[in-house]
Asker: 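What follows is a structure written as C-alpha cells; I'll ask about it next.
Proteins come first, then strands; the chains are lettered A, B, ... in the order of their sequence lines, and each starts at number 1.
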There are 2 protein chains.
Amino acid sequence: MTFPSSPVGFLLHDAARLMRRRFEQRAAALGFTRAQWQVLLHLSRNEGIHQAGLADILEVEPISLVRILDKLQARGLVERRQDAGDRRCWRLHLTADAHPSLALLQDIGEDTRAEALSGFSDAERDTLVGTLSRLKSNLVDACTKPAIDDEAQHG
Amino acid sequence: MTFPSSPVGFLLHDAARLMRRRFEQRAAALGFTRAQWQVLLHLSRNEGIHQAGLADILEVEPISLVRILDKLQARGLVERRQDAGDRRCWRLHLTADAHPSLALLQDIGEDTRAEALSGFSDAERDTLVGTLSRLKSNLVDACTKPAIDDEAQHG
DNA sequence: GGGAGATCATAAGCATGTCTATGATCGACA
DNA sequence: TGTCGATCATAGACATGCTTATGATCTCCC
C-alpha cells in the first residue's frame, strides 16, 4: 500500500483509541473511563492543585476537565475546596474513597499496557516512550503558534 | 517523577490528541476534522466499499462511521449508492468535488506531521511507525478477547 | 420453501474533547 | 481609588467514539 509518506498521525490516533477501548472494556465494570483514571492519578500526585494547573499538566483545555471533575465529585472521590486567598479558585483533593479505586485502575492499566506491549523488549518500550515524549513536546510548542497554512511566518 | 512503570497509554493518548488539535487548528478554516479526512482518504483508496468494510479498515465500530458519512454526504463529497445484489448495503463513492478538498487536507496533514516530527531522523520516524504498527496490531487482537481481569483465560 | 440466525445500517444515550463566550474576581497601573 | 485587562471556572454547541438495541435483509440448512 502506497500510503502518503508515513501515516504517523493516523497510527498514533488508532493506537491510542484502541488502547482506550481495551482499558475501558475492563474499567467499565468499575464505572470508570480512561480520562477519569488520568485525572485521579495526576490528582494523587498533585493534591491541592487548582483546575487550571491540572489542565496545564494534562495539556487539555480547562473546560475539558470540568465535567470529569463534576462526575468524580458527585461520586465522592474528589473534593473542591475554596482557595483561602483567591475566590475564583477551587483547590482539588482526593477523598479517602478514591485510593482503592485508583489502585484497581492502576492494575487494569498495567494489564492493558502489557497487552499493548506484548513482544516488546524493555529497550523498545523505552525508545517508544522517549520518542512519544519528544513528539508530544513538539506538538505542545506547535499548538501555541498561529495555525497559518505554512506561509508568512518565516521570520 | 516516579510514574508507574511507563505511561505509554497516557503518552500515546496525549500525543494523538495534540496532533488532532493541531491538525484541526488548520483544517477548521476548511470546515473539516481529522476523522473526516481519514474517511475521505481511505475512501479514495477503496472506492465502492461498503460501510462495514470501511469500518473494518479503520478499526472503528460501524456506528462510529455513520454520522461522519452523513455529514460528508450532506456536503456533496460522498455518495451512497445502493448495492445491486444486497439491499442492506450502501456502496460508498467520493464525488468529483471531494478530490480538491482531499488534496488540501493532505497538505495540512503533511504540515502537521512535519511539526510533530521536527528533529526526528528518517530512521527514528520509521522506527516509530513500525513500533506503533505492532502496538496497534497487539491491541486489535486484544480487543477481541474477553475483558476479564487477568484470570481464567490461561487455556 | 420456510424459519433461525447472521449481517447491514442506523438510533439512543453517554463520555470526552474542542471552540467560543460569560460572569466573577484579581492585580496592576493611572 | 478606580478602572481595565488578565485569569478562573464554567455554559453551550458541536464532533467523535463507544455500548446497546432495532429493523431490514440475507444465508444457510432442514
Asker: How about B:Lys136 and B:Glu59: do any of their side-chain heavy atoms sit closer than 4.5 Å?
Answerer: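 B:Lys136 reaches B:Glu59 side chain to side chain.
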Asker: Is A:Gln36 close enough to C:dT16 that one of its side-chain N or O atoms is under 4.0 Å from OP1 or OP2 there?
Answerer: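 For A:Gln36, the contact criterion (side-chain N or O under 4.0 Å from OP1 or OP2 of C:dT16) is met.
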Asker: Nearest to the side chain of A:Arg67 - D:dA15, D:dA13, D:dC26?
Answerer: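 From the listed options, D:dA13 comes nearest.
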Asker: Send over the distance from B:His13 NE2 to D:dG17 P, rounded to a whole Å.
Answerer: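 From B:His13 NE2 to D:dG17 P: 11 Å.
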Asker: Rounded to the nearest Å, what distance is computed from the CD1 atom of residue A:Ile49 to the C1' atom of nucleotide D:dC8?
Answerer: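 To the nearest whole Å, that distance equals 14 Å.
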Asker: Give me the residues of residues 58-65 of chain A where at least one heavy atom lies under 4.0 Å from an atom of DNA chain C, by number, or none.
Answerer: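 When residues 58-65 of chain A is checked for heavy atoms under 4.0 Å from DNA chain C, the hits, listed by number, are A:Val60, A:Glu61, A:Ile63, A:Ser64.
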Asker: If you measure from NE2 on B:His99 to CG on B:Leu94, what distance do you get to the nearest 0.5 Å?
Answerer: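 Answer rounded to 0.5 Å: 5.0 Å.
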Asker: Evaluate B:Leu72 against B:Val39 for side-chain contact (heavy atoms from CB on, under 4.5 Å), listing each step before the verdict.
Answerer: CA-CA 9 Å; B:Leu72 293 174; B:Val39 168; 3.8 Å; yes
Asker: How long is the line joining CD of A:Gln38 and P of C:dA15, in whole Å?
Answerer: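 A:Gln38 atom CD is separated from C:dA15 atom P by 18 Å.
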Asker: Taking only side-chain nitrogens and oxygens of A:Arg17, does any of them come within less than 4.0 Å of OP1 or OP2 of D:dC18?
Answerer: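 Answer is yes, contact under 4.0 Å.
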Asker: Rounded to the nearest 0.5 Å, how far apart are NE2 of B:His42 and CD of B:Glu47?
Answerer: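 The NE2 atom of B:His42 sits 14.0 Å away from the CD atom of B:Glu47.
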Asker: On DNA chain D, nearest-nucleotide positions of A:Trp90 versus A:Gln25: which is more 5'?
Answerer: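 Result: A:Trp90.
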Asker: Write down the distance between CE (A:Met19) and P (C:dT16), rounded to a whole number of angstrom.
Answerer: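 Taking CE of A:Met19 and P of C:dT16, I get 18 Å after rounding.
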Asker: Given the structure, check if the side chain of B:Arg21 and the base of C:dT18 hold any donor-acceptor pair shorter than 3.5 Å.
Answerer: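 Per atom types, no contact qualifies.
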Asker: Atom CG of B:Leu54 and atom C1' of C:dT10: how far apart are they, to the nearest Å?
Answerer: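 Rounding to the nearest Å, CG of B:Leu54 and C1' of C:dT10 are 16 Å apart.
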Asker: How close or far is atom C1' of D:dC8 from atom CG of A:Asp86, stated in whole angstroms?
Answerer: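 Atom-to-atom, A:Asp86 to D:dC8, this comes out as 7 Å.
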Asker: Measure CG/B:Asp14 against P/C:dT18 and give the value in whole Å, please.
Answerer: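 Checked: the CG to P distance equals 10 Å.
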Asker: Once you round it to whole Å, what is the distance between C1' of C:dT16 and CZ of B:Arg20?
Answerer: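 It is 9 Å, rounded to the nearest whole Å.
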Asker: For residues A:Ser44 and A:Leu102, determine if any side-chain heavy atom of one lies less than 4.5 Å from a side-chain heavy atom of the other.
Answerer: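 They are in side-chain contact.
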Asker: Using only modelled atom types and a 3.5 angstrom limit, is any donor from either the side chain of B:Arg88 or the base of C:dT7 paired with an acceptor on the other?
Answerer: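 Flag set: donor-acceptor pair detected.
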Asker: Would you kindly compare A:Glu24 and B:Gly53 by the position of their nearest DNA chain C nucleotide and give the one closer to the 5′ end?
Answerer: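 Looking at DNA chain C, the more 5' nearest nucleotide goes with B:Gly53.
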Asker: Please test B:Leu117 against B:Leu128 for side-chain contact (heavy atoms from CB on, under 4.5 Å), starting from the C-alpha separation and ending with a verdict.
Answerer: CA-CA 10 Å; B:Leu117 295 176; B:Leu128 177 62; 4.3 Å; yes
Asker: Measure from the side-chain heavy atoms of B:Arg34 and tell me the nearest of D:dG17, C:dA15, C:dA9.
Answerer: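 Output: D:dG17.
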Asker: Taking the inter-plane angle between the rings of A:Phe10 and B:Trp37 on a 0 to 90° scale, is it parallel (under 30°), tilted (30 to 60°) or perpendicular (over 60°)?
Answerer: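 Ring orientation, 0 to 90° scale: tilted.
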Asker: Within 45° of the axis and under 6.0 Å from the centre of the six-membered ring of A:Phe32, does NZ or CZ of A:Arg75 qualify?
Answerer: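 Judged by the rule (NZ or CZ under 6.0 Å from the ring centre, within 45° of its axis), A:Arg75 counts as positioned above A:Phe32.
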Asker: Give a yes-or-no answer on whether the side chains of A:Arg34 and A:Gln38 include a donor-acceptor pair shorter than 3.5 Å.
Answerer: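 Side chains of A:Arg34 and A:Gln38: pair found under 3.5 Å.
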Asker: Evaluate the criterion side-chain contact (heavy atoms from CB on, under 4.5 Å) for residue pair A:Gln106 and A:Leu41; output intermediate values, then yes/no.
Answerer: CA-CA 9 Å; A:Gln106 291 291 93; A:Leu41 177 60; 4.0 Å; yes
Asker: Scan residues 68-77 of chain A against DNA chain C and write down, sorted by residue number, each residue with any heavy atom closer than 4.0 Å; if none is found, say none.
Answerer: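 By residue number: A:Ile68, A:Lys71.
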Asker: Using the side-chain heavy atoms of A:His50, tell me which of these nucleotides is nearest: D:dC8, D:dA24, D:dT16.
Answerer: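 Shortest atom-to-atom distance from the side chain points to D:dC8.
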Asker: Consider the side chain of B:Gln51, meaning its heavy atoms from C-beta on, and name the nucleotide among C:dT10, D:dC8, D:dT10 that approaches it most closely.
Answerer: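 It is C:dT10.
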Asker: Nearest to the side chain of A:Arg80, heavy atoms from C-beta on, is which of C:dC8, C:dG17, D:dT10?
Answerer: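 Among C:dC8, C:dG17, D:dT10, the one nearest the side chain of A:Arg80 is D:dT10.
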Asker: Check every atom of D:dA15, C:dT10, D:dC8 against the side chain of B:Thr33 and return the nucleotide holding the closest atom.
Answerer: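 Taking heavy atoms from C-beta onward, the closest nucleotide is D:dA15.
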